[in-house]
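What follows is a single structure, written as structure tokens, with notes after it.
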Amino acid sequence: MALCAYVTFEDPHGVDDERDPVLSAWREAGIEGRVERWDDPAADWSAYDAVVVRSVWDYSLRRAEFLEWARGVESVTRLLNPGSALESNTDKTYLRDLGVPIVPTHWSSQDLPHWPEYVVKPAVSAGARDTTRTTDRDEARALAAAIEAGGRTPMVQPYLDMVEAEGETSLLYFNRRLSHAVRRVPMLVPGRARRTTR
């Protein structure tokens, strides 16, 4: 039986709605899965046939450390996804060069388009961290400027209210084949909008 690590982070709320279904599916496929924190110094990554990056939602606060961890893991076992993929897709500026339609995105605090409502966030973020929804263009500009002042790249997008009714859908592909989809709940609905500073 293959032994695989399900890699997560230390979540004070213990929320990972995908962990149990994934581990169950692995068992059915003959894979023994163990939950590991990516930054656990006691973890022996070489003991695993594969290390699968899943819910490492604090990577955006420690991206350089996370990428160093990934390089270390792939030097001793198979890392899924590889460190090069993690490096490119943990910074959303890759969307500028992807060559596919995306939500209209403005990448600076200057000359913001006129939209009825804005979402402002850094290009390196997860879980709506440091993300704000506002109808005030000046506030959107100031928030984007604050992200720039912190040495990060801002993403300014129009708010799409269809997200409130439909959520967001993540499509998961393996070997270029669609495996499954996961519907994400909206995080910027009234009463749940968040602004954090890090």
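Throughout, numbering of the chain's residues begins at 1 and tracks the sequence.
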Subject >> Side-chain donor-acceptor pair present, Ser46, Thr77, cut-off under 3.5 Å >> reply: no
Original post:
Taking the side chain from Tyr94 and the backbone from Asp91, do they hold a donor-acceptor pair closer than 3.5 Å?
Top reply: no
Subject >> Glu117 side-chain N/O to Thr135 backbone N/O, donor-acceptor pair under 3.5 Å >> reply: no
Original post:
Which heavy atom of Pro154 sits nearest a heavy atom of Ser108, and at what distance?
Top reply: CG-CA, 3.8 Å
Original post:
So which heavy atom on Leu79 is nearest to which on Ala70, and how close?
Top reply: CD2-O, 3.4 Å
Original post:
What are the two closest non-hydrogen atoms of Val103 and Thr105, and how far apart are they?
Top reply: O-OG1, 2.7 Å
**OP:** With the side chain counted from C-beta on, respond yes when Arg71 and Glu87 share a heavy-atom pair under 4.5 Å apart, and no when they do not.
**Re:** yes
**OP:** Give a yes-or-no answer on whether the side chains of Asp130 and Ser125 include a donor-acceptor pair shorter than 3.5 Å.
**Re:** no
Original post:
Judged by atom type as modelled, is there a donor-acceptor pair below 3.5 Å linking the side chain of Thr90 to the main-chain atoms of Leu86?
Top reply: yes
Original post:
More than 12 foreign heavy atoms under 6.0 Å from CZ of Arg96: is that the case here?
Top reply: yes
Subject >> Non-hydrogen atoms of Met1 and Gly30 that approach each other most closely >> reply: CG-O, 3.0 Å
Original post:
Do Val52 and Leu3 belong to the same hydrophobic cluster, where Ile, Leu, Val, Met, Phe, Trp and Tyr are linked whenever their side-chain heavy atoms lie under 4.5 Å apart, directly or via other members?
Top reply: no
Subject >> Main-chain N/O of Ser109 paired with Glu148 side-chain donor or acceptor, under 3.5 Å >> reply: yes
Original post:
Can you tell me if Glu36 and Tyr48 form a side-chain donor-acceptor pair at under 3.5 Å?
Top reply: yes
Original post:
Do Val100 and Met155 belong to the same hydrophobic cluster, where Ile, Leu, Val, Met, Phe, Trp and Tyr are linked whenever their side-chain heavy atoms lie under 4.5 Å apart, directly or via other members?
Top reply: yes
**OP:** Kindly say whether Leu112 contributes a backbone atom to a donor-acceptor pair with the side chain of Arg137 at under 3.5 angstrom?
**Re:** yes
Subject >> Side chain proximity check, Trp26 to Cys4, heavy atoms < 4.5 angstrom >> reply: yes
Original post:
If we ignore angles and hydrogens, is there a donor and acceptor under 3.5 Å between the side chains of Tyr59 and Asp39?
Top reply: no
**OP:** Please confirm whether the backbone N or O of Arg177 pairs with a side-chain atom of Asn175, one donor and one acceptor, at under 3.5 Å?
**Re:** no
**OP:** Please say whether more than 12 non-hydrogen atoms of neighbouring residues, nucleotides or ligands are located less than 6.0 Å from CD in Glu68.
**Re:** no
Original post:
Where do Lys121 and Ile147 come nearest, in terms of heavy atoms and distance?
Top reply: C-CD1, 3.6 Å
Original post:
Are Val51 and Val35 in one and the same hydrophobic cluster, where Ile, Leu, Val, Met, Phe, Trp and Tyr link if side-chain heavy atoms are under 4.5 Å apart?
Top reply: no
Subject >> Which atom of Trp107 lies closest to which atom of Ala123, heavy atoms considered >> reply: CZ3-CB, 4.5 Å
Original post:
Are the side chain of Ser60 and the backbone of Asp58 linked by a donor-acceptor contact shorter than 3.5 Å?
Top reply: no
Original post:
Does Thr132 offer a backbone N or O that forms a donor-acceptor pair with the side chain of Tyr118 under 3.5 Å?
Top reply: no
Original post:
Parallel, tilted or perpendicular for Trp45 and Trp69, by the 30°/60° rule?
Top reply: perpendicular
**OP:** Would you mind reporting whether Gln157 and Val120 have side-chain heavy atoms less than 4.5 Å apart?
**Re:** no
Original post:
With a 6.0 Å cut-off on ring centres, are Phe66 and Trp38 close enough?
Top reply: yes
